[in-house]
Protein chains: 2
Amino acid sequence: MPLVSEPLNAGQAERLAPSFKALGDPVRLRLLSLIASHAGGEVCVCDLTDAFDLTAPTISHHLKVLKETGLVTAERRGTWVYYRARAEALGLLSAVLAVPQPAVLQESNA
Amino acid sequence: MPLVSEPLNAGQAERLAPSFKALGDPVRLRLLSLIASHAGGEVCVCDLTDAFDLTAPTISHHLKVLKETGLVTAERRGTWVYYRARAEALGLLSAVLAVPQPAVLQESNA
DNA sequence: CGCTTGATTAGACGTCTGCCAAAATAGGCG
DNA sequence: CGCCTATTTTGGCAGACGTCTAATCAAGCG
């Protein structure tokens, strides 16, 4: 399963790449982190908007990208929309990048 | 350190995003996997080029992106250039995405 | 040397991305 | 209902991205 164990085939790469792409923007990375690390597991969009110097539509756009790749879910309750991280998705990506031996012990080649 | 433990600040996000962005393309993902999973730890560019329906310059471009983000290193030996994955970099990204509890056991909220 | 093979760089082209302002949708409340 | 706040959708624009062809750089060899 990890990327270092055996070569990803085209299909696997095609399926994984969009998730990494979603993480490839600083704003989305922070959004995901804000959501994933929040006590209670969910965050209201209004709280996220305040954390950036960006307009609400822009934040909404980034959240949509995260949602479409399955990294977060959204639920409307009354006036507000709450976002929640999907630990399953994060764990999968983490596993794909995981290296068998501790990275620090990388062998030296002559 | 992991993304779920506490919110990434702007600087951390700015530093991590380019790496994830580099992984956000299927071709680069496969390239990295081919390099990282190869016996001996290194792969000649000529072998990589053959694995795709893309021109050599395009492969070279993607390898450059991977190299610039520190995910791989390149070394020329004679006629050929060999690429090698940086386990340290992979491990770091994996750690950032890691979730404390197994993803499967995600708690259910009422 | 001059050629050949391996790899990268330069330049061009269409597409995608991130941002914003403006408009639309959703729900609550007087 | 009509309005107000929260959020998303639409449309437009500048810049970035992935790909190619053509040209250039590197190294080995006759």
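Below, chain A is the first sequence line, B the second, and so on; all start at residue 1.
Distances shown here put a side-chain N or O of A/Ser60 below 4.0 Å from the OP1 or OP2 atom of D/dT8. Within the structure, every side-chain polar atom (N or O) of B/Lys64 is placed at least 4.0 Å from both OP1 and OP2 of C/dT8. Contact annotation: B/Lys21 reaches the phosphate of D/dC17 (side-chain N/O to OP1 or OP2, under 4.0 Å). For A/Thr58, no side-chain nitrogen or oxygen approaches OP1 or OP2 of C/dG18 to under 4.0 Å.
Taking only side-chain atoms of A/Cys46, from C-beta outward, the nucleotide of D/dT7, C/dT8, D/dT21 with the closest atom is D/dT7. Side-chain atoms of B/Arg76 lie closest to D/dA27 of the nucleotides C/dC20, D/dA27, C/dG28. Closest to the B/Asp25 side chain, of the nucleotides C/dA21, C/dA7, D/dG18, is D/dG18. With C/dA21, D/dC20, D/dG28 as the candidates, the nucleotide lying closest to the side chain of B/Thr79 is D/dG28. With distances taken from any side-chain atom of A/Tyr83 to the nucleotides C/dG18, C/dT8, D/dT8, the minimum falls on D/dT8.
The CG atom of A/Leu66 sits 15 Å away from the C1' atom of D/dT8 (whole-angstrom rounding). Between the CZ atom of A/Arg28 and the C1' atom of C/dT17 there is a distance of 8 Å, rounded to whole Å. In this structure, CG of B/Asp50 is placed 12 Å from C1' of C/dG6, rounded to the nearest angstrom. We find that CZ of A/Arg30 is positioned 16 Å from P of C/dG18, with the value rounded to whole Å. A straight line from NE2 of B/His61 to P of D/dT21 spans 16 Å, rounded to a whole angstrom. In this structure, B/Phe52 atom CZ and D/dG18 atom C1' are separated by 14 Å, rounded to whole Å. Rounded to whole angstrom, the span from the OH atom of B/Tyr82 across to the P atom of D/dA26 amounts to 18 Å. Nucleotide C/dT17 holds its P atom 10 Å from the CD atom of A/Glu68, rounded to whole Å.
Residue B/His62 is in sugar-phosphate contact alone, with no base atom involved, counting any heavy-atom pair closer than 4.0 Å across all strands shown. Contact annotation for A/Ile59: no contact, since no heavy-atom pair falls under 4.0 Å across all strands.
Put simply, the side chain of B/Arg76 gets close to the backbone of B/Gly78: a donor and an acceptor are under 3.5 Å apart. Checked by atom type and distance alone, the side chain of B/Arg28 never pairs as donor or acceptor with a backbone atom of B/Leu23 at under 3.5 Å. Using a distance-only test at 3.5 Å, with no hydrogens or angles considered, a donor-acceptor pair links the side chain of A/Thr49 to the main chain of A/Val45.
Comparing B/Pro57 and A/Leu54 against DNA chain C, the residue whose closest nucleotide sits nearer the 5' end is B/Pro57.
Between the side chains of B/Ser94 and A/Ser94, at least one donor N or O lies within less than 3.5 Å of an accepting N or O.
To the nearest 0.5 Å, atom CZ of residue A/Arg84 and atom NZ of residue A/Lys67 are 15.0 Å apart.
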